[in-house]
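Since the structure comes first, as C-alpha cells, the remarks are kept for the end.
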Amino acid sequence: QVQLVESGGGSVQAGGSLRLSCAHSGYTRTPYYMAWFRQGPGKEREGVAIINWRYGTTYYPDSVKGRFTITRDNDKSTLYLQMNSLKFEDSGKYYCASRTEALYGGWRISESDFTYWGQGTQVTVSS
C-alpha cells in the first residue's frame, strides 16, 4: 500500500522560506514522477513542481519558477520542496503526489496524471 506523508508546513512571513518533505513508501515499482500541488482557499488545486524521479529533471510553472525547488533523495525515499521568497498567494495546503508510469506529451503538472496522494501540509504566508 503506497503511502505519502507530507511535513514541514507552517506559518511564515512574506519573504521567508519553508522546506516541505514527503516521505513515501509501499511501492511495487519505483515512482516515475513526483510532484507538489497546492490548493488555496476557494481555489482549484494547482501543480507547482514536478520531478522525474530517476533523472532528477524538473519543471515549474512561471508562478513559482526561481523561487521553488523540487528535489528528491532516493536513499531516504523522500521528496522535498524548498520554497523561498514566499508570497501571500503561496498560502494553501500543499500535497505531494506520485505516479509509476511515464508521462507523454511534454512537461505538465496535471492533477489527473497522478495516482497516489498525501494528506497535505498547510502553509500560511502572512503579508
Side-chain angles (χ1 to χ4, degrees):
Q1 179 178 348
V2 174
Q3 287 191 318
L4 286 73
V5 181
E6 302 95 336
S7 61
S11 297
V12 64
Q13 288 191 328
S17 298
L18 281 174
R19 189 176 83 152
L20 306 182
S21 300
C22 172
H24 53 98
S25 61
Y27 295 101
T28 56
R29 298 171 61 183
T30 302
Y32 210 110
Y33 288 94
M34 293 196 72
W36 287 97
F37 290 79
R38 69 185 179 192
Q39 187 166 21
K43 297 182 181 179
E44 293 186 353
R45 193 177 297 186
E46 64 168 333
V48 297
I50 184 173
I51 188 166
N52 179 301
W53 191 262
R54 174 181 292 184
Y55 300 110
T57 48
T58 59
Y59 171 80
Y60 308 89
D62 289 343
S63 57
V64 306
K65 194 177 296 181
R67 301 189 298 120
F68 288 13
T69 304
I70 186 172
T71 57
R72 89 280 193 230
D73 185 322
N74 277 314
D75 293 337
K76 295 182 179 179
S77 297
T78 301
L79 178 74
Y80 301 99
L81 183 68
Q82 179 66 44
M83 305 186 293
N84 298 328
S85 302
L86 282 162
K87 304 176 182 180
F88 175 76
E89 52 264 38
D90 293 320
S91 296
K93 198 162 189 180
Y94 281 69
Y95 301 86
C96 67
S98 67
R99 63 179 278 132
T100 54
E101 296 79 33
L103 278 173
Y104 301 96
W107 283 108
R108 63 183 183 272
I109 317 173
S110 175
E111 192 174 351
S112 60
D113 287 334
F114 289 86
T115 307
Y116 305 105
W117 292 83
Q119 293 300 305
T121 186
Q122 183 68 37
V123 171
T124 303
V125 184
S126 57
S127 56

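Everything numeric in this text was worked out from a predicted model, so none of it was measured. Just so it is clear, the values below take in all heavy atoms, side chains as well, and ignore hydrogens, waters and symmetry mates.
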- OG/Ser7 to CG/Leu20 distance, rounded to the nearest 0.5 angstrom? 8.0 Å

- Item | Taking every non-hydrogen atom, the tightest pair across Met83 and Tyr94 | SD-CE2, 3.7 Å

- Inter-residue atom distance Thr78.OG1 - Leu4.CG, 0.5 Å rounding: 10.5 Å

- Item | Distance (rounded to the nearest 0.5 Å) between Ser11 OG and Gln122 CD | 8.0 Å

- Counting distance only, does the side-chain N/O of His24 pair as donor-acceptor with the main-chain N or O of Ser77 below 3.5 Å? yes

- Can Arg29 and Glu101 be said to form a side-chain contact (heavy atoms from CB on, under 4.5 Å), step by step? CA-CA 9 Å; Arg29 298 171 61 183; Glu101 296 79 33; 3.9 Å; yes

- Partners of Arg54 by side chain to side chain contact (heavy atoms under 4.5 Å, CB included), sequence neighbours excluded? Asn52

- Those residues that, when tested against Thr69, pass side chain to side chain contact (heavy atoms under 4.5 Å, CB included) (two or more places apart): Tyr60, Thr71, Gln82

- Query: For atom CD of Gln119, is the number of surrounding heavy atoms from other residues, nucleotides or ligands below 6.0 Å larger than 12?
  - Reply: no

- Query: Rounded to the nearest 0.5 Å, what separation is found between the SG atom of Cys22 and the CD atom of Gln3?
  - Reply: 11.0 Å

- Message: Rounded at 0.5 Å granularity, tell me how far CH2 in Trp36 sits from OG1 in Thr121.
- Response: 7.5 Å

- Item | Lys76 NZ: over 12 foreign heavy atoms closer than 6.0 Å | no

- Task: Take Asp62 and Lys65 through the salt bridge (Lys or Arg N to Asp or Glu O under 4.0 Å) test and state the conclusion after the steps.
- Result: CA-CA 5 Å; Asp62 289 343; Lys65 194 177 296 181; 3.3 Å; yes

- Is a side-chain N or O of Arg38 found less than 3.5 angstrom from the main chain of Gly92, in a donor-acceptor match? no

- Roughly how far, to the nearest 0.5 Å, is the CD1 atom of Ile51 from the CH2 atom of Trp53? 7.0 Å

- Message: If you apply the rule side-chain contact (heavy atoms from CB on, under 4.5 Å), what do you find for Ile50 with Leu103, and how did you get there?
- Response: CA-CA 11 Å; Ile50 184 173; Leu103 278 173; 3.9 Å; yes

- Message: Hydrophobic clustering (ILVMFWY, side-chain heavy atoms < 4.5 Å, transitive) - are Leu81 and Val64 grouped together?
- Response: yes

- Do Tyr27 and Ser98 have side-chain atoms, one donor and one acceptor, less than 3.5 Å apart? yes

- Within one Ile-Leu-Val-Met-Phe-Trp-Tyr cluster: Val125 and Tyr95, side-chain cutoff 4.5 Å: no

- Where do Ser127 and Ala14 come nearest, in terms of heavy atoms and distance? CA-CB, 4.2 Å

- Would you please classify the geometry between the Trp107 ring and the Tyr33 ring as parallel, tilted or perpendicular, with 30° and 60° separating the classes? perpendicular

- Item | Nearest atoms (heavy-atom pairs only) where Ala49 meets Pro61 | N-CD, 4.4 Å

- Message: Assigning hydrophobic clusters by single linkage (Ile, Leu, Val, Met, Phe, Trp, Tyr; side-chain heavy-atom cutoff under 4.5 Å), is Ile109 placed with Met34?
- Response: no

- Are Tyr80 and Val12 in one and the same hydrophobic cluster, where Ile, Leu, Val, Met, Phe, Trp and Tyr link if side-chain heavy atoms are under 4.5 Å apart? no

- Would you confirm whether Glu6, through its side chain, and Gly120, through its main-chain N or O, come within 3.5 Å as a donor-acceptor pair? yes

- Query: Taking all atoms of both residues into account, what is the closest heavy-atom pair of Ser17 and Ser85, and its distance?
  - Reply: OG-N, 4.3 Å

- Task: Report whether Phe68 and Leu79 are members of the same hydrophobic cluster (ILVMFWY, side-chain heavy atoms less than 4.5 Å apart, transitive linking).
- Result: yes

- Mutual orientation of the aromatic rings belonging to Phe37 and Trp117 [parallel < 30°, tilted 30-60°, perpendicular > 60°]: tilted

